[in-house]
Amino acid sequence: MPAVKANAYGHGAVLVAKELNRLGIMASCVATVTEGAELRRGGIKGEILVLGYTHPEQFYMLRRYRLTQTVVDISYARLLNAYGKKLKVHLKIDTGMHRLGIPADRKEEIARVFHYRNLVITGIFTHLCAADVRTAEKEKFTMGQAAAFDRVICDLNQRGLSCGKIHLLPSYGLLQYSELAGDYARVGIALYGVLSKEQIWKAVE
Ligand SMILES: *Cc1c(COP(=O)(O)O)cnc(C)c1O
């Protein structure tokens with residue numbers, strides 16, 4: 001699931017997503033609903049996941065442009081459900097970045113979201129935010145994130161709930177921890193041949 005947000009990191013979102021479509025890649029992710037709409041208007045096919053918050057006044061765009069919205073927290077799940085029309089969503093689980101996502105230890109609340117009648121849950125994900133270099137300390141943190149995410153998936157499966165597409169790896173996750181692969185990897189920076197900040201420092205040293 002290539003990350004084509006921020007105009008594909010400046011390279012041209014429609015241009016890049018079109019080429020990826022041509023190569024058979026039928027999923028992508030963007031930051032905002034406006035970016036998603038731009039891709040659809042440019043003829044991009046497949047699943048388009050909006051990673052950030054969409055204002056309720058723009059919920060209609062999710063349906064008009066067949067976009068999948070991220071559930072960024074529990075109260076937002078309620079808000080999306082209250083829209084009254086079916087919306088496709090992926091649940092974001094917070095396993096340590098503490099920016100967006102439902103905390104991984106809120107198992108009951110996560111399970112309850114599956115019973116919201118207007119939410120069509122087609123995926124679940126987390127973000128490994130310390131994967132760029134594999135030092136002992138960062139590896140411990142990253143493995144802890146992956147384990148917490150795994151416990152959420154197992155809990156949902158035990159309840160008979162199906163999670164859809166599972167994804168946790170950004171570029172450096174895929175490069176450094178490919179053993180943790182899921183159904184998708186959300187690859188941005190690596191797609192464009194750019195190094196992470198840490199890797200640039202290593203390269204110039
Ligand atoms: C931007 C973004 C990515 C892509 O990250 P890269 O480090 O550029 O590969 C992955 N996941 C989320 C949630 C993002 O916002």
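For ligands, and for the atoms within them, numbers begin at 1 and follow the listed sequence. Remember, it's a predicted structure, so these values are computed and weren't measured experimentally. Side-chain atoms are counted along with the backbone in the values below, which use heavy atoms only and exclude waters and symmetry mates.
Between the Gln69 side chain and the Leu49 main chain, no donor and acceptor come within less than 3.5 Å of each other. Here the side chain of Arg40 pairs a donor or acceptor atom with the backbone of Arg66 at under 3.5 angstrom.
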Once you restrict both partners to nitrogen or oxygen, which atoms of ligand 1 have a protein partner under 3.5 Å, and how far apart are they?
from	atom 1	to	atom 2	distance (Å)
ligand 1	8 (O)	Tyr9	OH	2.5
ligand 1	8 (O)	Ile189	N	2.7
ligand 1	9 (O)	Ser171	N	2.9
ligand 1	9 (O)	Ser171	OG	2.5
ligand 1	9 (O)	Gly188	N	2.9
ligand 1	9 (O)	Ile189	N	3.4
ligand 1	11 (N)	His127	ND1	3.4
ligand 1	11 (N)	Arg186	NE	2.8
ligand 1	15 (O)	Lys5	NZ	2.6

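Two residues are said to be in side-chain contact when any heavy atoms from C-beta on lie closer than 4.5 Å; Met26 and Leu20 fail this criterion.
For Phe114, there are no ring pair (Phe, Tyr, Trp, His ring centres under 6.0 Å) partners two or more places apart in sequence or in a different chain. Not counting sequence neighbours, the partners of Thr122 by the side chain to side chain contact (heavy atoms under 4.5 Å, CB included) test are Glu47, Thr68, Lys88, His90, Val120. Listed by chain and residue number, nothing satisfies the ring pair (Phe, Tyr, Trp, His ring centres under 6.0 Å) test with Phe149 (two or more places apart in sequence, or in another chain).
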